[in-house]
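Report on the structure given below.
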Amino acid sequence: MPELPEVETTRRALAAGLEGHKVTGVAVKRDRMVRRQSRPADFADRLVGRKVESVGRIGKFLMTQLSEDLIWVTHLGMSGHLRLVPSAEPQEPHTNVAVMMSSGIDVRFVDPRTFGFMAVFTPDEMESSSLARLGPDALDSLPPSRSLQQRLASRTAPIKALLLDQSLIAGLGNIYADEVLYRAGVRPDRQGGSLDLDEVKALRSAVRPVLNAGLKWGGTSLDDLAYLLPDGSAGRYLDRLKVYGRQDEPCRRCGTPIQRASLRGRSTHWCPSCQK
DNA sequence: ACCTCCCTGGCC
DNA sequence: GGCCAGGGAGGT
């Protein structure tokens, strides 16, 4: 499912495939996929004729810088992925948006559950959108432990829920939040404010290795194959996850069965022996 | 700071 | 035939 490693993997492929090319056409097959756009028609109007200058990312949001200061924003939701394919190729099911490039390549936005979206913003619109409230990126600008501890100090919500809060740190989703907590040895149901400085340090220093491991394997494609890389291949991190999806299986470190429970409506996995 | 809703393939 | 997965926005 698309979290930071999956979005970053997608970003790298887009950067390699799109930079320097112009948009020649746009087909929105499902109106719902274009959201947060004050006038829906702006989406295609603003894309066509623009050149892709660079492809960036904050958390799980792809931000493609276009000519004339426009920003093409993409969020993959929970079942979305982008494909880069020659224009002539037939569209696979659930292709909700197709963006045609001057290179003859299409960007196809495939998303069965349609939780993802695309929009093209001006700098002003970007400033007033919810994206302006995104926290620091979990991979590129993780705050120091002391400032993290300060942000957590007054919080009574479970630390897992706080890791999922994109205004605190941007990029972690349900899978990698569980993996980070496992690596840090912290139980997901601990109140945020109950973590001492050593625990916050452990948590902080777990973030980068977990995300980099996911990235190394092209991210996590679950059995439903909803998330795929832009070339259509599957991410191969699933088999290397330590806790997510491993309920009742032995902890890779101590053999204790991995627990699963619902926390704030999100499935949560942890080792009751390794995590305190 | 919490709860509800959106959506659909896949599985029981 | 019904339920589950879940990120983020909106409302209370």
Side-chain angles (χ1 to χ4, degrees), chain A residues 1-8 10 28-38 40 57-63 73-82 91-97 109-119 121 125-135 137-138 151-181 188-194 211 214 219-228 234-235 238 241 243-248 260-269:
Chain A
M1 125 177 27
E3 304 179 22
L4 192 151
E6 293 75 29
V7 178
E8 175 61 15
T10 301
V28 178
K29 303 193 68 189
R30 196 131 174 211
D31 291 342
R32 176 181 145 77
M33 298 306 290
V34 174
R35 293 198 293 274
R36 312 191 200 182
Q37 194 88 66
S38 45
R57 179 191 60 74
I58 298 181
K60 305 173 202 171
F61 290 82
L62 283 168
M63 308 207 201
V73 176
T74 302
H75 194 291
L76 299 176
M78 61 163 292
S79 61
H81 67 271
L82 298 182
Q91 290 189 353
E92 61 184 289
H94 305 295
T95 298
N96 299 328
V97 181
F109 190 6
V110 179
D111 184 4
R113 287 178 224 176
T114 71
F115 275 34
F117 79 96
M118 282 183 167
F121 290 141
E125 289 168 345
M126 184 66 100
E127 197 65 36
S128 59
S129 83
S130 62
L131 277 77
R133 289 186 288 280
L134 275 176
D137 184 77
R151 301 282 309 265
L152 294 175
S154 60
R155 307 293 298 264
T156 59
I159 185 64
K160 162 81 180 280
L162 297 172
L163 288 180
L164 294 176
D165 179 350
Q166 303 297 300
S167 70
L168 206 57
I169 299 175
L172 296 177
N174 205 41
I175 296 175
Y176 293 98
D178 280 2
E179 296 296 310
V180 164
L181 286 163
D189 59 356
R190 288 276 303 281
Q191 290 194 349
S194 78
L211 294 177
T220 305
S221 293
L222 301 178
D223 294 334
D224 63 7
L225 296 183
Y227 165 73
L228 296 170
L238 177 65
L241 293 172
V243 285
Y244 184 89
R246 298 195 66 244
Q247 58 271 20
D248 304 326
R260 178 184 190 273
S262 182
L263 187 65
R264 298 276 184 95
R266 297 287 179 263
S267 70
T268 297
H269 314 72

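Just so it is clear, the model here is predicted, and its values are computed rather than measured. Every chain is numbered from 1 and lettered A, B, ... according to where its sequence line falls, protein lines coming before strand lines.
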A:Ser38 side chain reached by A:Glu125 side chain, heavy atoms, under 4.5 Å: yes
Separation of C:dG6 P from A:Glu6 CD (nearest whole Å): 13 Å
Approximate separation, where rounding is to 0.5 Å, of A:Gln166 CD and A:Lys60 NZ: 4.0 Å
Euclidean distance, atom CG of residue A:Leu164 to atom P of C:dG7 [Å, nearest integer]: 6 Å
Residue pair A:Asp111 / A:Leu76, side-chain heavy-atom distance below 4.5 Å: no
Whole angstrom value for the distance that separates C1' of C:dG8 from CD1 of A:Ile58: 16 Å
Length of the line joining A:Ile159:CD1 and B:dA1:P, which is rounded to integer Å: 13 Å
Sugar-phosphate, base or nothing in reach of A:Ser130, heavy atoms under 4.0 Å: sugar-phosphate
Lys/Arg N to Asp/Glu carboxylate O, A:Asp165 vs A:Arg151, below 4.0 Å: no
Distance below 4.0 Å between A:Tyr227 side-chain N/O and C:dG7 OP1 or OP2: no
Touch class at under 4.0 angstrom, heavy-atom based, for A:Phe117 against every strand present: nothing
Inter-end axis angle, the helix from B:dA1-C:dT12 to B:dC12-C:dG1, with every axis fitted to five base pairs (rounded, 10 degrees): 50°
Pairwise side-chain contact, A:Thr74 with A:Thr10, heavy-atom cut-off 4.5 Å (strictly under): no
A:Arg36 or A:Gly265, whichever maps to the more 5' nucleotide of DNA chain C: A:Gly265
Nearest-angstrom distance from the residue atom NZ of A:Lys60 to C1' of C:dG8: 9 Å
Separation of A:Phe109 CZ from A:Phe117 CZ (nearest 0.5 Å): 8.5 Å
Separation of C:dG7 C1' from A:Phe61 CZ (nearest whole Å): 8 Å
Under 4.0 Å protein heavy-atom contact, by nucleotide of nucleotides 5-12 of chain B - B base, S sugar-phosphate only: -BBBS---
Sugar-phosphate only, base, or nothing, as touched by A:Ala226 at under 4.0 Å among non-hydrogen atoms: nothing
Verdict with reasoning, A:Tyr227 to A:Glu3, per side chain to side chain donor-acceptor pair (under 3.5 Å): CA-CA 10 Å; A:Tyr227 165 73; A:Glu3 304 179 22; over 6 Å; no
Side-chain (A:Ser221) to main-chain (A:Gly219) donor-acceptor, under 3.5 angstrom: no
Spacing of A:Arg133 atom CZ relative to C:dG7 atom P, expressed in whole Å: 19 Å
Rounded distance (Å) that lies between atom C1' of C:dG6 and atom CZ of A:Arg260: 12 Å
Under 4.0 angstrom between A:Gln166 side-chain N/O and C:dG8 OP1 or OP2: yes
A:Glu179 side chain vs A:Leu241 backbone, donor-acceptor pair below 3.5 Å: no
